[in-house]
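The structure under discussion appears below in the form of structure tokens.
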Amino acid sequence: MLQRILVADDAELNRALLREILEEDYIVDEACNGAETLEWLLEHRRHTAALLLDLRMPGMDGFSVIEEMKRNGWMNRIPVLIISSDDSVEVENRCLELGVSDFIHKPFDTSVVKNRVKNTLELFASKNQLETTVEEQAQTLKKQDQIIRFQAEKLREADTFHRLMMEYRAAIMEMETRFQILNAEFSQEYKRNPFESIKSRLKTPESIYEKLARKGFPMTVETIRERLADVAGVRVICSFPDDIYRLKELLIHHDDILLIREKDYIKNPKPSGYRSLHLILALPIYLSNEKKHVKVEVQFRTIAMDFWASLEHKLQYKKNLAGAEEILRQLKLCADSIEHLDYQMQEIRNQIDRADRGRPGY
């Protein structure tokens, strides 16, 4: 079925020439001034594929037609190609700012006119299809978010879930206590601290539900306990890489802590440059009537690794960011520099320690 195009020009000759060029591929309608153009669009806009519009018409000119189309929201549905013998930069910029799609300059060249109209229609159709797809995706995400919030609210209301979260909070406190004891011992024994800070977090009900749904697991307290290893998380920030491995060895040699899984992204960084040591541990918590082993994810990073990871995390939530590939490339270079700097600083610390041990009375 042929698409319908409206040619709006006060010069009958121009309308006739454009009709002759386009009528083989389109149904061509005509308007001789701005008022007639708007009347036509008011009645036929849903069936009009494009408007070829002269800027200089008596009474209401082309700019006024465009302004009225913008007020009515028609520019989002009908692409406008300007018919003009004026190719000044000022005029073209003004038209483009108003949302015009393209230009057809006089005198008309048959192949140019056909190709400009064809390309404009194809590009406009692709744009509309993309907008429709984006809107559908947005609606899908909105529905998914509503489902997640609904299910999360149901979780919050369940006594068994509250009990489970209490156990995870107890496991975090137990893990933090172990690290504080190690820190105190190191401070006494070696006159320095093996880590700079500890951060902890408990997954939200929304995050728990989203992860279970993504993995295809049912939403039950038993599934959370069995299938998720990172509900309780502790992040330990160290000054030097060797402190990370020293703390890890000391921790896993506690006879009541079980090492379930280890992922070493320091020795084997992710392609992005991400570096961190991840441990999934099960440690005991002591309740009023029983002892339980609860899973905790422990992440070890140096100060520089943690700073880098925070910046990368921010980038992950920036959609359609201009220059994202270049930013990722720069981040990877920074990650490589951080690795070199961490070990260089560690060697300087070792030199200081050796010099101290060589002093009289050490």
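Just so you know, these numbers use all the heavy atoms, side chains as well, and skip hydrogens, waters and symmetry mates.
None of Leu41, Val7, Ile5, Ile83 except one satisfies the side-chain contact (heavy atoms from CB on, under 4.5 Å) rule with Leu51; the exception is Leu41. Considering Asp342, Asp264, Asp336 as possible partners of Arg275, the one that fulfils the salt bridge (Lys or Arg N to Asp or Glu O under 4.0 Å) test is Asp336.
A donor atom on one side chain and an acceptor atom on the other are found under 3.5 Å apart for Gln299 and Arg301. Inspection of the Gln180 and Glu176 side chains reveals no N or O donor paired with an N or O acceptor under 3.5 Å. Judged purely by distance below 3.5 Å, without hydrogens or angles, the side chains of Asp242 and Tyr343 never pair a donor atom with an acceptor atom.
Judged by the 6.0 Å and 45° rule, Arg94 forms a cation-pi pair with Phe63. Annotation: cation-pi pair Lys267/Tyr245 present, NZ/CZ under 6.0 Å from the ring centroid and within 45° of its normal. Both tests pass for Arg349 against the ring of Phe240: distance under 6.0 Å to the centre and angle within 45° of the axis. For the pair Lys270 and Tyr265, the cation-pi criterion (under 6.0 Å, within 45° of the ring axis) is fulfilled.
In this structure, Trp308 and Ser272 approach most closely via the heavy-atom pair CZ2-O, 3.4 Å. Of all heavy-atom pairs between Asp306 and Lys199, the closest is OD2-NZ, 3.0 Å.
In summary, Asp9 and Arg15 do not engage in a salt bridge, as defined by a charged side-chain N under 4.0 Å from a carboxylate O.
Cluster membership check: Ile82 does not share its hydrophobic cluster with Leu121, using side-chain heavy-atom separations under 4.5 Å among Ile, Leu, Val, Met, Phe, Trp and Tyr.
Every residue two or more places apart in sequence or in another chain that forms a side chain to side chain contact (heavy atoms under 4.5 Å, CB included) with Ala35 is listed here: Asn33.
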